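Order of appearance sets the numbers: ligands from 1, and atoms from 1 within every ligand. What you see is a predicted model; the values in this text were computed from it and never measured.
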Amino acid sequence: MEAAAADPVAPPPPAGWEEARSRAYAVGRAAALPVVTRPLVDLDGHTLAEPLATRTPLPAFPTASVDGWAVRGTGPWRIVGRVLAGGVPAPLTEDGTTVEIATGAMVPEGATTVLRVEESSRTPEGLVAGTPRPMPEWRLPGEEAAAGEELLPVGTPVDPAVIGLAASCGHDTLRVRRQPRAALLVFGDELLTAGPPGAGQVRDALGPAVPAWLRRYGCAVRPSDVVGPVADTLSAHVAALSAALTHADLVCTTGGTMHGPVDHLHPALEALGAEYVVNTVAVRPGFPMLLARVVGADGRIRFVAGLPGNPQSAILALVSLVAPLLAGLAGRPVPVLPQAVLAEPISGRGAFTHLALVRLDRVAGTVHPLRHVGSAMLRGLAGADGFAVIRPGVSGEPGDRVSVVPLPLLPGERGS
Ligand SMILES: Nc1nc2c(c(=O)[nH]1)N[C@H]1C(S)=C(S)[C@@H](COP(=O)(O)OP(=O)(O)OC[C@H]3O[C@@H](n4cnc5c(N)ncnc54)[C@H](O)[C@@H]3O)O[C@H]1N2
Ligand code: MOO
């Protein structure tokens with residue numbers, strides 16, 4: 001029997017959507033960005049490259065938690081001084097004495113308790129009287145953390161809460177992964193870059209939008225890193241990609257992912273010696289999305305994410321492939337998708353995963369499919385919180401728990 005000859009033009013089978021995400025994360029993790037030292041003010045959005053440990057016990061000294069009187073022995077007490085926050089007080093050496101103390105001040109050695117100012121009174125002789133509460137009114141050293149204790153693991157995203165904690169632990173700088181640098185090349189020289197569409201021309205909707213999404217995923221994108229429309233020739237595509245790859249860790253491209261007469265992305269990747277990580281994904285919409293890896297002459301690894309030209313499909317490729325890639329590059333854990341309950345049916349897409357635009361009802365914890373969700377449309381996306389994942393072979397029924405791929409929205413957007 002003769003073996004069937006391989007069809008030289010047959011496309012590779014598409015990767016499953018989950019598999020594509022795992023591969024994108026794994027190649028990013030294997031090429032994690034270099035570790036740098038940054039001052040606290042520049043840390044927001046970075047990722048810890050070392051565990052966050054406290055340099056001292058927290059608190060570092062016995063700290064009064066109320067304004068009042070640090071007393072020794074039983075009262076009434078004779079006033080021998082005052083302790084304000086910021087210094088080391090002299091010890092209280094004699095029973096029956098007290099010092100006035102401010103919240104946050106170091107409790108003097110020898111003090112037996114602290115009496116709240118509003119629960120104290122003065123005797124006619126000018127002594128302090130009152131009944132201290134049974135619970136201590138000061139914080140003990142190490143109550144929150146012991147010296148050297150690890151508070152957050154490697155891979156933790158740095159947010160304002162983490163920055164505040166790092167400062168309270170005595171850090172001036174932290175070791176973090178360098179922020180990824182991204183570039184965008186818009187393919188399709190028929191696109192309009194200003195004014196209303198018409199007469200066969202559409203506005204470039206991705207050149208203005210994709211950099212903003214990339215910044216929300218933590219990338220640095222300079223205005224000069226956004227280039228296009230690139231001329232519809234192979235040489236222009238190769239030149240634009242080569243230039244962008246010299247400084248970007250990730251180059252996103254839009255359009256040209258298929259094999260039409262002016263689709264030059266695949267031949268350009270071949271010319272650059274890129275290897276596919278993912279070449280088409282069994283997902284609707286967004287099927288032609290791709291991710292490729294380019295190893296430079298210097299050994300540095302860069303990535304090209306090919307976002308399909310249909311605008312909603314391009315964003316779908318961002319949330320599907322680029323988000324896990326960036327998590328890997330930053331050394332973060334695999335992104336875990338939140339779940340929600342479907343409020344209305346959503347059809348399946350046969351053997352493909354269906355990513356359906358949904359709005360989240362934050363009170364009910366349900367997701368609702370939107371209208372105007374064609375892959376060439378952006379109207380649905382502008383009201384969406386993310387995409388419900390309808391797995392291959394099934395349809396989504398009301399009451400089903402489904403994973404939701406979130407859009408990287410900020411607080412206050414979509415009414416949250
Ligand atoms: N024979 C086939 N043709 C197509 C298939 C297929 O399976 N067989 N798949 C379709 C799917 S699905 C998609 S998605 C697109 C992907 O095409 P490309 O990535 O090659 O993109 P283009 O052909 O350049 O453009 C597609 C579409 O999107 C518009 N576009 C492109 N860039 C932008 C932009 N920056 N802003 C707004 N709109 C943009 C462009 O005008 C086209 O209408 O291929 C299908 N074809
Ligand atoms: O996958 Mo295309 O993105 O369906 O329009």
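Inclusion of Gly286 in the set of residues having an N or O under 3.5 Å from an N or O of ligand 2 is warranted. Between Gly256 and ligand 1, at least one N/O pair is under 3.5 Å apart. For the pair Met258 and ligand 1, the shortest N or O to N or O distance falls below 3.5 Å. Residue contacts with ligand 1: Phe287 is placed with no nitrogen or oxygen under 3.5 Å of a nitrogen or oxygen of the ligand (distance criterion only).
Near Leu191, meaning under 4.0 Å from one of its heavy atoms, ligand 1 places the atoms 32 (N), 33 (C), 34 (C), 35 (N), 39 (C). The distance from ligand 2 to the heavy atoms of Asn310 drops below 4.0 Å at these ligand atoms: 5 (O). Close contacts between ligand 1 and Asp263 involve ligand atoms 20 (O) [criterion: under 4.0 Å to a heavy atom]. For ligand 2, the atoms closer than 4.0 angstrom to any heavy atom of Pro285 are 1 (O), 3 (O), 4 (O).
The closest approach between Pro288 and ligand 2 falls below 4.0 Å for a heavy atom of the residue.
Among Asn310, Thr193, Leu378, the residue whose heavy atom lies nearest to atom 13 (C) of ligand 1 is Asn310. Across the listed options Ser313, Ala314, Ala376, Ser313 owns the non-hydrogen atom lying nearest to atom 2 (Mo) of ligand 2.
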Problem set entry | salt bridge (charged side-chain N to carboxylate O under 4.0 Å, His left out) assessment of Arg139 paired with Glu144 | CA-CA 9 Å; Arg139 297 186 279 267; Glu144 187 178 353; over 6 Å; no

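Of the protein's non-hydrogen atoms, Ser375 OG, 2.5 Å is the one closest to atom 5 (O) of ligand 2.
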